[in-house]
Amino acid sequence: MALLNYNPPVNPYLKIVYIDEHLVVLDKPSGLLTVPGKALEHKDSLEVRVKRVLPTARIVHRLDMA
């Protein structure tokens with residue numbers, strides 16, 4: 001699936017719903033990739049944004065996936 005004209009929302013840059021010492025819950029807006037795509041223009045993603053703000057965070061589960 002090709003992403004044509006990938007223009008992810010930037011406001012808010014990162015919406016943290018909940019955070020404590022073990023868990024971060026994020027609200028991923030529609031139009032933002034969860035993980036980076038292969039193409040250079042698809043590198044902006046929720047994972048990349050989280051790593052910039054919380055470098056030790058890891059993706060554990062996506063609630064929208066089966």
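Owing to the predicted nature of the structure, the values given are computational and were not obtained by experimental measurement.
- When atom types are taken as modelled, the side chain of Lys51 and the backbone of Thr56 share no donor-acceptor pair closer than 3.5 angstrom.
- Once rounded to the nearest 0.5 Å, the distance linking CG of Leu23 with CD of Glu21 reads 11.0 Å.
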> Between Leu54 and Ile19, is a side-chain contact (heavy atoms from CB on, under 4.5 Å) present by the stated rule, with each step listed?
Replying inline: CA-CA 11 Å; Leu54 304 165; Ile19 187 169; 4.0 Å; yes
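- The side-chain heavy atoms of Tyr6 and His42, taken from C-beta on, include a pair separated by under 4.5 Å.
- Under the 4.5 Å side-chain heavy-atom criterion for ILVMFWY residues, no single connected hydrophobic cluster contains both Ile16 and Val25.
- Between Arg49 and Pro8 the shortest side-chain heavy-atom distance falls below 4.5 Å.
- Remark: side-chain polar atoms of Lys28 are not paired, donor with acceptor, to backbone N or O of Leu33 under 3.5 angstrom.
- Considering Asp27, Val35, Ile59, Leu32 in turn, Leu32 is the only one that fulfils the side-chain contact (heavy atoms from CB on, under 4.5 Å) rule with Leu46.
- Between Lys38 and Lys43, the shortest heavy-atom distance links the atoms O-NZ, 3.5 Å.
- Tracing side-chain contacts under 4.5 Å through hydrophobic residues (I, L, V, M, F, W, Y), one never reaches Val10 starting from Leu14; they form parts of separate clusters.
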>> As a quick check of understanding, evaluate side-chain contact (heavy atoms from CB on, under 4.5 Å) for Leu26 and Glu47, giving each step before the final call.
In response: CA-CA 10 Å; Leu26 303 157; Glu47 180 182 26; over 6 Å; no
